[in-house]
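Below, chains carry the letters A, B, ... as their sequence lines are ordered, and counting in each starts from 1.
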Amino acid sequence: MLIIAGTEFRSRLFLGTGKFSSSTVMAEAIDASGCQMVTVALRRVDLQNPDDDIMKALSQRNYTFLPNTSGARDAEEAIRLAHLARAASGSNWLKLEVTPDPRTLLPDPIETLRATVTLVKEGFIVLPYMNADPILALKLQDAGAAAVMPLGSPIGTNQGILTDFQIAIIIEQARVPVVVDAGIGAPSHAAYAMEMGADAVLVNTAISVAGNPVAMATAFAKAVEAGRTAFEAGLGQRSKQASASSPETGKLSANLDFLS
Amino acid sequence: MNITLNGKQKDLPSASTLTQLLTSLGLPAETLVIELNALIIQPDSYSETTLSEGDRVEIIRFVGGG
């Protein structure tokens, strides 16, 4: 069972709630995924659409809400958003996200670490979104991060796990759960991350923009479960040398000599 | 009087409270957060929080995000 900051999660698939065509489709996809943690963002209320409230579709359900600090460009903006998130959600869970460059949306490691130090002291359960940097992962967990969330590839790119060499080191060294976040574009990418030993994956775009988001959520749930089971079962060693699967002994002779 | 609401100018009757502002906007107080001049105001204080000329008000809520 996955445990983050004392909370148990049966599902190792976390869902983002952005870019769904409607709140109804979003809620159905979340249900189909079986996930127990969903991310949300904070924005100014659209005063032209006062009834446009995502929490109407989400609040009847028993998820752990993970508000993010998307839009923050430095530690100060992230901390301000964290305070707003806590006031809105009544909880201390936070996906810390500091992305100064709107083109790449890559996380700023220095500002992320600075904000983590402050927010942990303020009692937040901080899950920082980070580049797949093993040294940074160690520093974030030393600062009190409840989990680390290295990216597979940039947000919304559906490129999959381009950082597997570094993520493997992060997993090997981690004392907190590792949640692979961002860039996971297909169930096979999620399965791959789980086979490597990631504790969970966070998926948004791949599900929300799929032709059928509800079916895609189901596919991701199966992939995450398959990948986790494979990790626990223990994958075989990779080798450059072929090694027969069929027996090497007791082969037929005579005119079937080529078999020997 | 004029305030800045979510980054835009808004004309309000003098001495409006936050509760009156929300009512005029058709917004329920639940699931919102209000910042007044960059300070978060607790919901149980909305009715006694009076706005002044030049105040900066931000009304924020959760939206879909990853």
I need the contact set between residues 53-66 of chain B and chain A: heavy-atom distance under 4.5 Å, sorted by residue number.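 Residues of residues 53-66 of chain B touching chain A at under 4.5 Å: B:E58, B:I59, B:I60, B:R61, B:F62, B:V63, B:G64, B:G65, B:G66.
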
Considering only heavy atoms and a distance below 4.5 Å, find which of [options] pairs most often with chain B.
{"options": "A:V45, A:L66, A:I155", "result": "A:V45"}
{"options": "A:N68, A:L58, A:L42", "result": "A:L42"}
{"options": "A:T17, A:D181, A:L15", "result": "A:T17"}
{"options": "A:R43, A:E97, A:M26, A:R80", "result": "A:R43"}

Using non-hydrogen atoms only, which part of [X] is less than 4.5 Å away from chain B: side chain, backbone, both, or neither?
{"X": "A:T205", "answer": "neither"}
{"X": "A:D53", "answer": "both"}
{"X": "A:K95", "answer": "side chain"}

Distance in Å, [X] [atom1] paired with [Y] [atom2], rounded so as to fall on 0.5 Å steps:
{"X": "A:R44", "Y": "B:L5", "atom1": "CZ", "atom2": "CG", "result": "8.5 Å"}
{"X": "A:L84", "Y": "B:I34", "atom1": "CG", "atom2": "CD1", "result": "11.0 Å"}
{"X": "B:L25", "Y": "A:Q48", "atom1": "CG", "atom2": "CD", "result": "9.5 Å"}

At a heavy-atom separation under 4.5 Å, does B:I40 approach chain A through its side chain, its backbone, both, or neither?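 Only the side chain of B:I40 comes within 4.5 Å of chain A.
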
Which region of B:E35, side chain (C-beta onward) or backbone (N, CA, C, O), has a non-hydrogen atom less than 4.5 Å from a non-hydrogen atom of chain A, or is it both or neither?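 Interface part for B:E35: side chain.
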
Are side-chain heavy atoms of A:L47 and B:L27 found at a separation under 4.5 Å?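 A:L47 vs B:L27: side chains touch.
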
Around atom CD of B:Q20, are there more than 12 heavy atoms of other residues, nucleotides or ligands at under 6.0 Å?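 Buried by this count: over 12 neighbours within 6.0 Å.
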
